[in-house]
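None of the values given here were measured: they were computed from a predicted structure.
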Amino acid sequence: MGGRGHIGRRTRSLLAIGLCLILLLPSGMSATLVPTDYNTDVKPVNFYSANGSGVNEEHPEWGQAGTLLGRVANASHDPEANWMGLTDLPNTRNISNIVCAEPMAIQDERGLSDYNWLWGQFITHEIDFTLTQNGRVGGTGTPEQANILISEDDPQMGAPGGSQIRFFRSLYVNVTDDLGIQTREHPNSITTWIDGSSVYGSSIETSNWLRTFEGGKLKVSPNPWGDLLPVAQDDDQTAPPMSFVGFSADVRFIAGDSRANEHIALMSLHVLFIREHNRLAEEIAERNPDWTDEDIYQLARKLVAAQIQAITYEEFLPSLGVTLVPYSGYNSSINPQVTSSFATVAFRMGHSQTGDVFLRLDENREPIENGVMDLFDGFWTTRPVTEEGGIAPILRGVAAQTQAANDIYYGEDLRNHLFGMPGAGGMDLCAIDIQRGRDHGVPYYGDVRAAFGLDQISNYSDITSDDEVAGRLAEAYGQQDPGHIDPYIGMLAEDHLPDSALGETMDAVIRDQFIRLRDGDPLYYENDPELEGVEQNLSETRLSHIILRNTEIQSIQCNVFFAETNLDNLDCYLPKEITSPVVENKDESNIRTIVLGLIGLAVLGLLIIGFFGATSKSAEPE
């Protein structure tokens with residue numbers, strides 16, 4: 001009874017805060033109070049296995065970690081050229097310098113926010129991860145490289161005698177088809193399903209490490225601004241490996257996907273969903289005190305996976321302008337297999353959409369101290385999260401800033417400063433992206449178009465109506481055969497479809513992939529009978545809801561995939577009790593230590609004087 005009374009008082013308090021917020025809203029503005037509950041108490045029986053196997057009963061190997069990437073057209077690997085593809089095309093750094101060099105910052109024409117590229121990165125880390133050979137070919141093996149040559153007169157990276165961008169090739173498997181033709185195929189090291197593997201991992205070992213095994217919860221590390229990802233101790237040999245750990249030596253955070261520490265924005269999404277899992281676990285446990293840890297964990301996990309699915313299909317894809325055929329149910333004959341054309345070409349579009357500036361904002365959407373950052377400064381560090389306000393300033397900034405347009409251009413930080421400044425580890429992500437497509441044998445742009453039944457390309461004007469873009473393509477590849485170019489560059493150069501951020505080839509590749517991921521998944525949230533009672537609630541879940549439930553952010557635009565800075569248009573809100581953490585910076589802490597030390601010495605001095613004074617008085621005659 002006492003616990004219920006406390007909950008009742010808190011609820012009344014929050015409702016009062018909410019009423020005040022409503023009264024403060026500008027007249028004429030409609031506000032949405034974000035729901036927090038998914039009232040389902042069906043013990044999960046059918047759920048994704050940790051490694052993705054056994055989901056499709058007829059094809060239990062489909063979607064599991066380690067399955068091979070698929071193809072939409074025959075591979076272009078050349079056995080006579082170390083199995084690279086498109087070997088007759090120009091050097092990828094030269095293409096980058098001609099095509100991808102950004103003349104000025106060009107924003108997305110439809111006002112898409114930075115959440116678009118960020119969710120794109122999060123969801124691709126959810127469904128595919130092709131490992132490189134670096135460090136993975138045995139103690140005596142030599143990893144294959146396809147290093148990118150840099151000319152001596154390169155405008156940014158030139159050096160006497162020239163240099164190279166190091167490029168390790170992807171792991172591969174030799175496959176021989178029915179005709180005896182050998183090809184290279186590339187394994188996907190994580191599960192294919194949109195199953196929450198970026199949160200929970202793609203193996204039972206990772207999943208178990210991340211769990212507390214108490215109350216269905218995941219491990220966290222406490223922080224003044226809210227729980228963060230769990231931290232592995234230096235001597236913990238059981239902790240899942242994390243990519244780029246050498247770049248992020250300040251804190252060794254662990255997540256379901258090993259790339260979570262790559263950038264503070266990506267890390268923030270990972271934090272958001274472990275908080276949401278634990279919030280759901282508490283609610284499930286409160287409603288079902290007799291449930292086991294496993295029951296609670298699996299239902300919370302199922303709900304989080306469904307949320308990620310709903311956000312992807314109901315928000316993210318529509319924001320891009322991708323329109324899928326209506327869902328008609330599960331089809332066990334559809335293979336969800338991720339294709340190389342998707343993973344290494346089309347869905348790398350987010351690299352073009354990422355600008356050079358990154359924002360961290362307060363509740364009034366003003367920059368916090370050092371809140372306007374270079375994108376480069378958010379890589380390989382955790383301090384902006386652990387010491388400078390947590391994830392809320394980052395998530396506000398991502399919602400406020402309009403992302404770069406999806407086009408041929410790359411920002412300076414990604415094209416010349418990736419991993420460092422030129423000459424000090426700097427790399428070119430545009431050149432690397434083109435090279436990865438060749439490494440995977442993705443065929444020419446025209447061949448990918450033909451695979452989807454699209455018209456043949458005979459002039460660069462068939463790709464783009466922008467004379468500047470067409471001229472750059474002609475300079476890089478020549479005029480002879482405009483369809484005979486790298487598929488990635490061709491897709492980036494395309495005129496966008498109406499009310500879309502994509503051209504028709506990129507749209508076709510992405511639509512194909514997400515239709516198969518949806519329709520080939522028996523546990524997709526609209527098909528899962530265990531979610532029948534909350535299917536509508538899940539369908540209406542938005543990323544803004546997850547943000548408001550799990551941060552100190554009070555209000556945000558309901559559709560965060562479109563940028564908004566006007567406080568009057570932040571139309572989703574959730575009242576909450578906020579207590580600002582008291583965190584001293586190092587200088588303040590040092591000053592306080594010195595002051596306390598001086599005070600301590602003074603007190604000690606007074607005590608000493610008092611002691612000797614009392615002693616001498618006691619020796620005197622009365």
Side-chain angles (χ1 to χ4, degrees), residues 91-108 112-122 124-125 132 147-148 150 154-158 163-168 243-244 247-248 259-267 343-359 372-381 384 394 397-398 401-439 469 472 476 486 488-489 491-493 501 506:
N91 171 282
T92 61
R93 172 62 180 176
N94 292 345
I95 294 172
S96 174
N97 282 335
I98 295 168
V99 178
C100 300
E102 189 174 47
M104 58 183 173
I106 302 173
Q107 292 187 329
D108 180 83
L112 293 176
S113 76
D114 280 345
Y115 272 110
N116 200 275
W117 65 258
L118 179 58
W119 188 263
Q121 186 176 31
F122 183 77
T124 195
H125 289 186
T132 68
N147 296 336
I148 301 167
I150 302 173
D154 188 281
Q156 292 286 337
M157 299 184 179
S163 59
Q164 298 181 4
I165 295 174
R166 203 173 192 188
F167 182 95
F168 288 102
S243 299
F244 314 115
F247 290 97
S248 185
R259 296 160 286 185
N261 291 329
E262 184 178 315
H263 192 273
I264 55 174
L266 181 62
M267 184 198 306
T344 65
V345 177
F347 221 56
R348 297 203 168 206
M349 63 181 180
H351 297 161
S352 164
Q353 296 169 312
T354 307
D356 286 333
V357 177
F358 189 74
L359 299 179
V372 180
M373 305 171 57
D374 289 338
L375 178 74
F376 175 78
D377 293 331
F379 283 105
W380 328 125
T381 182
I394 294 168
V398 174
Q401 180 159 267
T402 302
Q403 73 174 14
N406 180 32
D407 54 25
I408 59 173
Y409 303 117
Y410 271 53
E412 179 73 8
D413 278 359
L414 293 183
R415 208 182 73 79
N416 289 310
H417 303 158
L418 187 67
F419 303 162
M421 298 299 288
M427 301 177 80
D428 178 352
L429 190 56
C430 180
I432 290 170
D433 285 339
I434 300 169
Q435 192 82 331
R436 188 63 66 193
R438 297 181 186 183
D439 176 30
V469 174
R472 289 182 181 228
D486 289 289
Y488 182 58
I489 293 298
M491 292 185 202
L492 289 179
M506 188 176 283

Met506 and Leu492: CA distance, side-chain angles, deciding distance, side chain to side chain contact (heavy atoms under 4.5 Å, CB included) verdict: CA-CA 8 Å; Met506 188 176 283; Leu492 289 179; 3.9 Å; yes
Full working for side chain to side chain contact (heavy atoms under 4.5 Å, CB included) between Thr354 and Tyr410: CA-CA 8 Å; Thr354 307; Tyr410 271 53; over 6 Å; no
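Atoms CD1 and CG, from Ile394 and Leu359 in turn, are 11.5 Å apart once rounded to the nearest 0.5 Å. Atoms CD1 and OG1, on Ile165 and Thr92 in that order, are 7.0 Å from each other to the nearest 0.5 Å.
The two residues Thr381 and Ile264 make their nearest non-hydrogen contact at O-CG2, 3.3 Å. Among all heavy-atom pairs drawn from Met373 and Pro384, the shortest one is CE-CG, 4.3 Å. Residues Ala493 and Val469 come closest through the heavy atom pair CB-CG1, 3.8 Å. Of all heavy-atom pairs between Gly355 and Leu375, the closest is O-CD2, 3.3 Å. Asn147 and Gln435 make their closest contact through O-NE2, 4.4 Å (heavy atoms, listed as atom of the first residue, atom of the second, distance).
Judged purely by atom type and a 3.5 angstrom limit, Asp486 has no side-chain atom pairing as donor or acceptor with the backbone of Ile489. At least one donor-acceptor pair closer than 3.5 Å links the side chain of Gln401 to the backbone N or O of Val357. At least one donor-acceptor pair closer than 3.5 Å links the side chain of Ser352 to the backbone N or O of Asp407. Gln403 contributes a side-chain N or O that, together with a main-chain N or O of Trp117, makes up a donor-acceptor pair within less than 3.5 Å. Under a 3.5 Å cut-off, the side chain of Tyr488 and the backbone N or O of Arg348 do form a donor-acceptor pair.
Legend: residues meeting side chain to side chain contact (heavy atoms under 4.5 Å, CB included) with Pro103, ordered by chain and number and at least two apart, are Tyr409, Arg472. With sequence neighbours left out, the side chain to side chain contact (heavy atoms under 4.5 Å, CB included) criterion links Asp154 to Arg93, Asn97, Ile150, Ser151, Gln156, Met157.
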